[in-house]
Protein chains: 2
Amino acid sequence: MARTQGSHSDITGPRIREAALGLFARHGYAAVSMRQIAGEVGVQAGALYNYTPDKQSLLFRLMQDHMQELLAAYEELEPQADALGALRQFVGFHIRFHMQRPDEVFIAYMELRNLTPENFAEIEKLRRRYEDALQSILLAGQKDGLFSVQDAKIATLAVIAMLNGVMTWYRAGGRLSLDEVEQIYWDMVRKAVAA
Amino acid sequence: MARTQGSHSDITGPRIREAALGLFARHGYAAVSMRQIAGEVGVQAGALYNYTPDKQSLLFRLMQDHMQELLAAYEELEPQADALGALRQFVGFHIRFHMQRPDEVFIAYMELRNLTPENFAEIEKLRRRYEDALQSILLAGQKDGLFSVQDAKIATLAVIAMLNGVMTWYRAGGRLSLDEVEQIYWDMVRKAVAA
DNA sequence: GTCTATAAGGGGATAGAC
DNA sequence: GTCTATCCCCTTATAGAC
């Protein structure tokens with residue numbers, strides 16, 4: 001794996017982000033050194049600085065890209081006729097999108113405290129936008145008499161917390177298929193906010 | 001703050017654990033140095049090793065004590081007549097117990113990956129015992145026709161994940177009292193597992 | 001664009017004086 | 001029980017050769 005010389009600007013950048021993603025997710029940002037990342041990529045540590053100004057930017061960019069992809073993917077979903085359909089769509093989307101990106105998800109909520117204050121604020125803004133999408137669904141359903149939640153903000157956070165729990169235990173090839181998981185969680189979410 | 005000489009074996013030990021607890025929770029285990037901990041306590045780094053064989057044991061002991069206190073406190077609750085009462089009691093207990101120990105809770109689920117494999121297994125065993133308590137309630141209620149969950153194990157994890165979400169946003173003195181929070185979450189949990 | 005070499009500093013943990 | 005001093009290794013980031 002250990003390379004010697006040569007120019008690979010087009011592929012080294014993505015490989016650095018890939019390596020950083022996996023290592024940060026496995027060991028934590030603070031516990032991973034630039035040498036480790038370089039080692040995985042097959043370059044020397046100094047070469048990393050052709051692609052990132054510093055370690056912090058590497059983390060921030062991973063988190064920012066993840067949140068922007070999440071929002072973009074969500075905004076491309078088909079509009080739903082009613083709040084019940086929209087909620088079901090949200091549950092399915094959330095589970096499936098996050099299940100495909102376990103490392104990004106893990107980093108996005110474990111490494112918030114390792115962001116500089118400015119970077120933290122930026123990520124929080126994106127996270128808030130996603131939460132607001134769910135809150136809008138709950139409020140619309142409440143208005144139409146489909147849902148009954150005492151506090152839309154708390155219900156939003158409760159639903160997302162519940163769904164995020166999937167990532168801590170689900171493993172592909174386990175006892176349950178993704179369809180079954182989605183169905184089980186949808187059943188609980190639906191009942192939890194039901195009128 | 002900076003002390004010079006003297007013997008304080010009876011108070012230094014607890015102060016070290018206290019300092020480590022706060023620092024680990026705020027900055028993360030990997031990002032905190034033994035020198036920082038010593039600085040907060042007011043001793044030199046070398047003195048810490050009279051109380052802990054190494055940094056890892058400091059983390060493990062904090063997590064182990066927390067889990068053992070959680071289990072002991074839960075086991076002292078009054079027995080309930082039916083599963084509905086037991087579930088309500090669990091929800092109230094979980095929220096209130098964890099709300100009083102935000103740092104311990106944060107560490108207990110953020111720093112699992114920084115434990116050695118042996119220590120990790122030990123903490124997991126304790127966590128499993130706590131989850132089993134909730135799962136027993138759900139299974140009993142299912143049998144009595146009070147609850148309807150498709151999968152008791154998943155429902156257990158879903159409920160705990162939802163409740164743990166409280167710790168990420170609740171601040172004393174905020175918009176809602178602890179009673180209100182407990183009531184709102186109880187309402188959602190009750191409905192989510194209802195028959 | 002990558003390398004080697006290095007600056008400047010912090011890390012965990014230990015030894016021996018007091 | 002705590003201190004000072006130290007070992008030895010690792011850290012992020014930069015400089016300059018190729």
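Per chain, numbering begins at 1; letters A, B, ... match sequence-line order.
Protein atom CD1 of I37(B) is 14 Å distant from nucleotide atom C1' of dG10(C), rounded to whole Å. In this structure, the CG atom of D54(A) is 5 Å from the P atom of dA13(D), given to the nearest Å. Between N50(A) atom CG and dC3(C) atom P the separation is 10 Å, expressed in whole Å. Y49(A) places its OH atom 15 Å from the C1' atom of dC3(C), with the value rounded to the nearest Å. Rounding to whole angstrom units, CG of residue L48(B) and C1' of dT14(C) are separated by 13 Å. As a whole-Å value, the separation of I16(A) CD1 from dG1(C) C1' is 11 Å. Taking atom CE of M34(A) as the reference point, atom C1' of dA13(D) lies 8 Å away to the nearest angstrom. Counting to the nearest Å, the C1' atom of dT11(D) and the CG atom of N114(A) are 15 Å from each other.
Residues H98(B) and Y170(B) bring no donor and acceptor atom of their side chains to less than 3.5 Å of each other.
In this view, D151(A) and R175(B) satisfy the salt bridge (Lys or Arg N to Asp or Glu O under 4.0 Å) rule, not counting sequence neighbours.
Between Y51(B) and the phosphate of dT2(D), there is a side-chain N or O to OP1/OP2 separation shorter than 4.0 Å. Residue T12(A) places at least one side-chain N or O under 4.0 Å from the OP1 or OP2 atom of dT2(C). Taking 4.0 angstrom as the limit, S33(B) places none of its side-chain polar atoms (N or O) nearer than this to OP1 or OP2 of dG10(C). Of the side-chain N and O atoms in Q44(A), none sit less than 4.0 angstrom from OP1 or OP2 of dT2(C).
For the pair R96(B) and D179(B), the salt-bridge criterion is met [side-chain N within less than 4.0 Å of a carboxylate O].
Where Q56(A) and A47(B) each meet DNA chain D at their nearest nucleotide, the meeting point lying more 5' is that of A47(B).
A donor N or O paired with an acceptor N or O is found under 3.5 Å between the base of dG12(C) and the side-chain atoms of R35(B).
With a 6.0 Å cutoff to the six-membered ring centre and a 45° limit on the axis angle, R88(A) does not count as a cation-pi contact of F90(A).
To the nearest 0.5 Å, atoms CD1 (I107(B)) and CG (L112(B)) are separated by 11.0 Å.
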